[in-house]
Amino acid sequence: MKHHFSRRVAGAKRSAIRELLKLTEQPDIISFGGGLPAPETFPHEEMAEIAAEIIREKYANVLQYGLTEGSKTLRQAICDWLKPQGVEATIHDLLVTTASQQALDLLCKAFIDPGDVIFCGLPTYLGAVQAFNLFEVDKIGVQLENDGMDLDELEERIAEAKDAGKTLKAIYVIPDFQNPSGITMSLEKRKRLLEIARREDLLIFEDNPYGHLRFAGEPMPSICSMDDEGRVLMMLTFSKTLCAGLRLAVMLARGDLMDALVRAKQPTDLCTSKLTQHLAAQYILRYGLENHLEEIRPIYKEKRNAMIAALERYMPEDAGISWTEPEGGLFVWMRLPEGIDTTDMLQDAIEHKVAYVPGASAYVDGGGQHTIRLSYSLVSPETIDEGIRRLAEVVKATIEAKQVAAGTR
Ligand SMILES: Cc1ncc(COP(=O)(O)O)c(C=O)c1O
């Protein structure tokens with residue numbers, strides 16, 4: 001039989017990292033690889049009760065098809081939750097999506113033609129890059145600094161892309177506790193980013209899975225909350241704030257942009273599962289999302305603290321190693337000396353029964369070989385200590401081997 005693959009899918013690769021991380025699922029490996037939320041944060045008893053009740057008593061509604069836009073009850077509950085955060089929205093500004101990965105897909109379907117430019121961080125979220133690739137986006141990377149994207153560099157890249165006659169569409173950002181770097185964009189940069197987007201007439205795709213998992217420092221307004229033109233499309237997933245298995249997110253978009261997204265979603269899945277939407281809505285109405293967030297933030301804080309303490313304890317000093325100290329979210333980002341290839345090093349790490357995500361997968365420009373993403377969410381504080389001890393052994397051995405090979409030792 002001849003292969004009938006579309007050009008689009010024939011060119012799409014599976015994530016090499018996700019394939020590699022399958023190796024780390026053995027129980028004796030301490031894995032800092034997966035970006036999954038901590039299961040102890042899932043309100044499973046409450047969910048079980050609500051599920052039993054609504055399936056028994058409201059089955060004609062919750063087991064039925066729903067509106068493409070999503071459940072009105074859920075959207076209203078989200079509008080009410082967003083209002084004190086400075087985001088004024090009605091249910092008509094919210095689209096429920098099958099989690100934010102679908103939102104990324106819909107953004108491309110609605111706004112991208114092959115070759116259109118999206119600017120994104122170096123590094124950025126791999127799943128977004130996979131969605132962009134499928135739609136033949138021209139991805140232009142911009143370095144991240146400790147307070148978010150380097151906006152001088154963004155302006156340079158914009159000028160270059162314009163000179164080259166490209167069609168510029170959007171800037172993709174994860175302003176809070178970014179995946180993979182854990183970096184948060186400063187308020188000044190949020191404002192300036194919006195100004196740049198205005199001046200250049202670009203959309204901003206603001207992906208905000210972690211912003212509500214802040215456990216240190218001062219809350220930061222979303223870029224969306226500062227936008228009075230409707231050029232910021234914000235994605236808010238419930239994966240990390242409630243349960244990833246619900247596969248639920250909302251996307252905030254206004255007017256014609258919303259209409260385009262609804263038209264893109266209809267042929268994709270008609271509607272997001274009504275059952276999970278009602279589970280989430282009832283949970284929020286009965287228990288409150290803010291109350292739940294208050295309970296789960298300390299869980300992540302304890303794990304983050306354990307990881308930072310272990311890095312300080314075990315990583316060699318003066319070896320050119322640095323890491324971020326996130327004020328929320330799930331990830332620490334580590335930089336090893338230039339020249340160390342963390343994809344190669346992963347084999348050694350797996351032999352030492354510890355795993356991580358090599359950073360190169362998060363760079364659209366082929367860089368980042370010497371970087372690592374460490375997720376603390378799935379590991380207990382004690383196990384984090386042991387895992388970082390093992391990782392430090394591997395890092396020390398790799399640096400020494402490199403020095404020997406270079407004749408500097
Ligand atoms: C930045 C970012 N965006 C989107 C997603 C996708 O999440 P979901 O599809 O579960 O909402 C993730 C998941 O890790 C993420 O880190």
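Remember, it's 1-based here, ligands and their atoms both numbered in the order they're listed. Every heavy atom of this structure was used, including side-chain atoms; hydrogens, water molecules and symmetry mates were not. Remember, it's a predicted structure, so these values are computed and weren't measured experimentally.
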**Request:** Using the salt bridge (charged side-chain N to carboxylate O under 4.0 Å, His left out) rule, take Glu386 and Lys353 through it: C-alpha gap first, then chi angles, then the decisive distance, then the call.
**Result:** CA-CA 10 Å; Glu386 172 57 17; Lys353 306 287 180 201; over 6 Å; no
**Request:** Give the contacting part of Pro209 toward ligand 1: side chain, backbone, both or neither, where contact means a heavy-atom distance below 4.0 Å.
**Result:** side chain
**Message:** If you count every heavy atom of other residues, nucleotides or ligands that lies below 6.0 Å from Glu218 atom CD, does the total exceed 12?
**Reply:** no
**Fill in**
Counting heavy atoms under 4.0 Å, the part of Met235 that contacts ligand 1 is neither
**Message:** If the cut-off is 4.0 Å to any non-hydrogen atom of Lys240, which atoms of ligand 1 fall inside it?
**Reply:** 13 (C), 14 (O)
**Asked** So Arg286 and Glu46, salt bridge (charged side-chain N to carboxylate O under 4.0 Å, His left out) or not? Walk me through it.
**Response** CA-CA 10 Å; Arg286 292 177 196 194; Glu46 293 86 344; over 6 Å; no
**Request:** State the atoms of ligand 1, each with its element, that fall below the 4.0 Å cut-off from a heavy-atom position in Thr237.
**Result:** 8 (P), 11 (O)
**Request:** Go through the structure and list residues passing side-chain hydrogen bond (donor to acceptor under 3.5 Å, both in side chains) with Arg335, not counting sequence neighbours.
**Result:** none
**Item:** Residue-ligand contact Gln102/ligand 1, heavy atom below 4.0 Å
**Value:** no
**Item:** Atoms in ligand 1 with a heavy atom of Ser239 nearer than 4.0 Å
**Value:** 8 (P), 10 (O), 11 (O)
**Request:** May I ask you to identify, for Phe238, whether its side chain, its backbone, both or neither come under 4.0 Å of ligand 1 on a heavy-atom basis?
**Result:** neither
**Prompt:** In terms of atom number and element, which parts of ligand 1 are under 4.0 angstrom from non-hydrogen atoms of Ser100?
**Reply:** 4 (C), 5 (C), 6 (C), 7 (O), 8 (P), 9 (O), 11 (O)
**Item:** Numbering as shown, the atoms of ligand 1 that approach Asp207 to under 4.0 Å (heavy-atom distance)
**Value:** 1 (C), 2 (C), 3 (N), 4 (C)
**Residue part near ligand 1, for Gln178, under 4.0 Å between non-hydrogen atoms** = neither
**Request:** Heavy-atom contacts with Arg247 under 4.0 Å: which atoms of ligand 1 show up? List them by number with element.
**Result:** 8 (P), 9 (O), 10 (O)
**Message:** For Ala99, which part has a heavy atom under 4.0 Å from ligand 1: side chain, backbone, both, or neither?
**Reply:** both
**Request:** Side-chain contact test, heavy atoms from C-beta onward, threshold under 4.5 Å: evaluate it for Asp105 versus Leu107 and give yes or no.
**Result:** no
**Asked** Is the Tyr283 ring parallel, tilted or perpendicular to the His292 ring (thresholds 30°, 60°)?
**Response** perpendicular
**Tyr172 ring center within less than 6.0 Å of Tyr125 ring center** = no
**Asked** Which atoms form the tightest heavy-atom contact between Glu206 and Ile223, and what is the distance?
**Response** OE2-N, 2.8 Å
**Message:** Could you check whether Glu302 pairs with Arg297 (Lys NZ or Arg NE/NH1/NH2 to Asp/Glu carboxylate O, under 4.0 Å)?
**Reply:** no
**Asked** Any idea which protein heavy atom is nearest atom 16 (O) of ligand 1, and the distance to it?
**Response** Tyr210 OH, 2.5 Å
**Request:** Check whether any N or O atom of Gln101, backbone or side chain, sits under 3.5 Å from an N or O atom of ligand 1, and answer yes or no.
**Result:** yes
**Request:** Among residues two or more places apart or on two chains, list those pairs meeting ring pair (Phe, Tyr, Trp, His ring centres under 6.0 Å) that have a residue in residues 300-333.
**Result:** Tyr210-Phe331
**Request:** Enumerate the atoms of ligand 1 whose separation from the nearest heavy atom of Asn179 is less than 4.0 angstrom.
**Result:** 14 (O), 15 (C), 16 (O)
